Novice: 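Dropping the structure in here first, questions after.
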Amino acid sequence: MAFRETMELKYQEILKNYIKDQSETALYQGQKFSRKSIENQVTPEEIISLHKQLLEDMYPDLPKYVVHSFDILLEVILPYGVAYRENQSLRDQKRELRSEIEIAANVQQTLLETKVPVVDGLDIGAISVPAKHMNGDYYHFVQDENNSISIAIADVIGKGIPAALCMSMIKYAMDSPLENRPEPSSVLENLNRVVEQNVDPSMFISMFYGMYNHDRHIFSYASAGHEPGFFYDGKKDEFQEIHAKGLLLGIDKKTKYIQYEKQINQGDMIILLSDGVTECRTDEGFIEKEVLMTYIKKYADLSSQEIVTNIFKEFERRQNFQLRDDFTLIILKRDV
Amino acid sequence: MNIDIEIVEHNSVIKVSVRGEIDVYTAPKLREILFPLAEKENANIIVNLSDVIYMDSTGLGVFVGVFKSVRSNNGKFQLVGLSGRIKRLFEITGLAEIMDINSRMEGESL
């Protein structure tokens, strides 16, 4: 290492200069030297040894007690050096972990990818943005042969990496063939058993599962403790909370879910969301549901994808671009 | 992002008062305090939330974990002093139907 080879000479020069005239410049040189030596992983005890040795060379008549005093200083400073090296290696580990998390987040994104289905007469828009690296919210679309689309929207209680890993498991449970007909209530009952058996007992999932039949325009749905969304009645220009009762997934394996149905008319909308939308905190307080409704009306003439994107931007701005919770919003609009 | 937790034990009833916010940052502290209490056989725990100004689903996760643990150890677990917003969280998630969240606090008028 180049620095190590020359550091003795450099330090000697700085020391001599300072002893000669106690100038600010020499002190500044000292600071620069110290930055360099940190960069090159020179330990504090090495510097003290060097200092002691140089003094003895420069002043052969140096009183013995001064020389001895350095031994104590060396002894005292030794643990600082150890602590410093520990810190250094933790910092390296942290950097390594962070890059692993980034990779994991990318893998998760690939694993959880879902395509928004394209269906005549139904305009679908979806957005999901994590507050941190990994998203605890999740949505999934399944298109059936029998002219229906299924939509799942879920939130893992407990955030971050464990939540994200858990979500990947749920997706695979959802994609694998189910014993029963894919009715929303039985899908939730099946998933509940999977979660109850496989997931850490302090982790739970809320999920709303809906199935839209685009022959009959009937939306059937069931909820496992998920934040209620809204129906928008186009004719009356009114919002109505989607009422669906049901316990979170993963609490009791015998839980039954009630299935509900709703006729969707032309101009109606189904709005599904996560609690990052309705429990959205800003410095001035919560963003109330009415605000969300106002935004939906404001952008109602745009496509569903544009509506959800615009609403996200409004919420992001209200939170000073610092999301506190994962944000997921899905809108289905019957346009024909 | 602050939380204060106070524990008083009286006649084998453990009263826990929580003050502040229960979110992703403070929930681990709450969990650390409540979980060992919940693991005791026949524990009787009352958690007072009347000074909690905010709670999100992370807090819910802590209480469900405590509830499950208390139930499997034949104990009793009550939450009291829930604000409207917090009560709503328990109602939406269906937890209000399996957990005791509606008892009144001692000394509270009817």
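Both backbone and side-chain heavy atoms feed into the values below; hydrogens, waters and symmetry mates do not. In what follows, chains carry the letters A, B, and so on, assigned in the order in which the sequence lines appear, proteins first and then strands, with residues in each chain numbered from 1. Keep in mind the model is a prediction, meaning the values are calculated, not measured.
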Novice: Does NZ or CZ of B:Arg31 come closer than 6.0 Å to the centre of the six-membered ring of B:Phe35, within 45° of the ring's axis?
Specialist: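 Geometry flag: set, cation within 6.0 Å and 45°.
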
Novice: So which residues of residues 91-99 of chain B are in contact with chain A at a heavy-atom cut-off of under 4.5 Å?
Specialist: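 B:Ile92, B:Thr93, B:Gly94, B:Leu95, B:Glu97, B:Ile98 fall under the 4.5 Å cut-off.
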
Novice: Kindly write out the residues that satisfy side-chain contact (heavy atoms from CB on, under 4.5 Å) with A:Arg95, not counting sequence neighbours, or none if the list is empty.
Specialist: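 So A:Arg95 forms a side-chain contact (heavy atoms from CB on, under 4.5 Å) with A:Asp92.
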
Novice: Can A:Lys262 be said to sit on top of A:Phe231's aromatic six-ring, NZ or CZ under 6.0 Å from centre and within 45° of the ring axis?
Specialist: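 Yes, A:Lys262 lies over the aromatic ring of A:Phe231.
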
Novice: I need the A:Ser223 OG to A:Leu248 CG distance, nearest 0.5 Å.
Specialist: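 Between A:Ser223 OG and A:Leu248 CG, I get 8.5 Å after rounding to 0.5 Å.
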
Novice: Are any of the side-chain nitrogens in B:Lys15 or B:Glu9 under 4.0 Å away from the carboxylate oxygens of its partner?
Specialist: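 No, B:Lys15 and B:Glu9 are not salt-bridged.
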
Novice: Quick check: A:Phe219 with A:Tyr221 (ring centres under 6.0 Å apart)?
Specialist: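 That pair passes the under 6.0 Å test.
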
